[in-house]
Amino acid sequence: MSTEELYKRYKTELFSLAYRMLGSVMDAEDIVQDAFLSYDGLSDVGTIRNERAFLYKIVTNRCIDLLRSSAKKREMYVGPWLPEPLIEKGASDDDPSIRYLRSESISTAYLLLLQQLSAKERAVFLLREIFHYSFEEIADIVGKSSVNCRQIFHRAKKSIHFDPDQQPPVSIAEDKIKEFVNSLLQGNTTKLLELVSENVVLYSDGGGKVSAAQVPVVGFEQVLKLHQKVINKHAGKFTYSFLMVNGLPGIRLRLDEGIQYVYSFAYRDHKIEAIYNVANPEKLRHL
């Protein structure tokens with residue numbers, strides 16, 4: 001199979017792996033692109049029996065290397081760190097590769113849970129849980145024994161507490177988000193209490209580049225107060241649109257001065273439990 005054919009067949013799932021590993025759209029795209037360039041430059045490509053596994057091995061190990069090299073930078077990050085928002089670009093429903101990007105495991109909440117794992121733990125967990133590789137295949141990819149990979153996977157799975165049933169269907173989530181925005185703009189606190197948990201937490205990622213809360217904002221009243229302040233300060237000077245962010249309906253807010261915010265949400269008991277707001281312009285360049 002030619003490199004071009006491999007690229008068309010596997011680029012989406014390889015990107016999906018890299019994005020889950022890194023939480024960065026641009027880095028994931030670069031690593032996948034570089035993996036195919038490296039593959040194309042091999043002189044003994046004819047000896048490779050399983051091209052897909054070989055490409056997964058390249059991408060996985062380059063993600064691990066990047067995570068390790070950037071660990072110090074992450075420690076010095078200003079304020080909460082959130083993954084770069086992945087915006088759905090209207091891909092066709094009959095494209096089988098899109099299933100890798102539409103599952104609950106691409107949500108912001110899930111990606112944040114993955115951050116609890118080390119780079120190698122994350123790789124083992126994703127290769128097994130999402131991409132269904134055998135432990136023998138994973139062992140070859142990450143350079144550990146199959147027994148060790150099995151142990152790593154089970155430890156990682158115990159630490160990832162995520163209930164996909166808490167995520168509402170897209171149509172319901174879309175209605176909730178639209179009602180949320182309308183209620184905020186109208187100052188309808190009663191309706192907001194129906195939509196938002198009293199213990200809601202707002203995470204804002206400005207990266208020290210733009211104005212954003214540098215610690216999580218906890219509680220309905222505090223989150224409401226912050227948004228009312230922003231609405232009043234920028235009255236008539238902002239626009240917003242609804243779009244799919246990390247597999248669920250979200251919001252893109254643009255201020256007249258060029259700053260933008262991308263919102264995604266997590267749910268529990270049919271209410272918004274967490275609000276994720278990415279404003280760091282370096283994380284929004286791909287938009």
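Computed over heavy atoms, backbone and side chain alike; hydrogens, waters and symmetry mates excluded. Just so it is clear, the model here is predicted, and its values are computed rather than measured.
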**Prompt:** What residue among Leu255, Val230, Ile251 forms side chain to side chain contact (heavy atoms under 4.5 Å, CB included) with Tyr261?
**Reply:** Leu255
**Item:** Whether Tyr240 and Phe242 hold their rings parallel, tilted or perpendicular, with breakpoints at 30° and 60°
**Value:** perpendicular
**Asked** Is Ser105 close to Phe162 at the side-chain level, that is, under 4.5 Å between some pair of heavy atoms?
**Response** no
**Message:** Considering only residues two or more places apart or on different chains, which pairs with a residue in residues 207-232 satisfy salt bridge (charged side-chain N to carboxylate O under 4.0 Å, His left out)?
**Reply:** Lys209-Glu282
**Request:** Report yes if the side chains of Asn199 and Val218 come closer than 4.5 Å at any heavy-atom pair, otherwise no.
**Result:** no
**Fill in**
Residue pairs passing the side-chain hydrogen bond (donor to acceptor under 3.5 Å, both in side chains) test with at least one member in residues 138-160, sequence neighbours excluded, are Glu129-Lys157
**Linked, directly or transitively: Val59 and Leu55 (ILVMFWY side chains, under 4.5 Å)** = yes
**Gln186, CD: over 12 other non-hydrogen atoms inside 6.0 angstrom** = yes
**Item:** Residue list, side-chain hydrogen bond (donor to acceptor under 3.5 Å, both in side chains) with Thr60, at least two apart or on another chain
**Value:** none
**Message:** Which label fits Tyr203 and Tyr276: parallel for a plane angle under 30°, tilted from 30 to 60°, or perpendicular past 60°?
**Reply:** parallel
**Item:** Salt-bridge criterion met for Lys72 and Glu75 (N-O under 4.0 Å)
**Value:** yes
**Message:** Would you compute the distance between atom CZ of Arg62 and atom CD1 of Ile31 and round it to the nearest 0.5 angstrom?
**Reply:** 8.0 Å
**Request:** Show your reasoning for whether salt bridge (Lys or Arg N to Asp or Glu O under 4.0 Å) applies to Lys191 and Glu194.
**Result:** CA-CA 5 Å; Lys191 183 61 180 177; Glu194 295 176 11; 3.2 Å; yes
**Asked** Does one hydrophobic cluster hold both Val181 and Val170, with members joined at side-chain heavy-atom distances below 4.5 Å?
**Response** no
**Message:** Could you check whether Glu13 pairs with Arg52 (Lys NZ or Arg NE/NH1/NH2 to Asp/Glu carboxylate O, under 4.0 Å)?
**Reply:** yes
**Request:** May I ask you to check whether Asn50 and Tyr56 show a side-chain donor-acceptor distance below 3.5 Å?
**Result:** no
**Request:** Take Lys176 and Glu179 through the test salt bridge (Lys or Arg N to Asp or Glu O under 4.0 Å) and record every step on the way to the result.
**Result:** CA-CA 5 Å; Lys176 286 181 180 291; Glu179 289 177 349; over 6 Å; no
**Message:** Could you see if Ile87 belongs to whatever hydrophobic cluster contains Phe265? Use Ile, Leu, Val, Met, Phe, Trp, Tyr and a side-chain cutoff under 4.5 Å.
**Reply:** no
**Request:** List the steps and the verdict of side-chain hydrogen bond (donor to acceptor under 3.5 Å, both in side chains) for Tyr77 and Asp205.
**Result:** CA-CA 10 Å; Tyr77 196 81; Asp205 181 346; 2.4 Å; yes
**Item:** Residue pair Glu84 / Asn280, side-chain heavy-atom distance below 4.5 Å
**Value:** no
**Message:** Measuring only between side-chain heavy atoms, which start at C-beta, is Leu6 closer than 4.5 Å to Phe54?
**Reply:** no
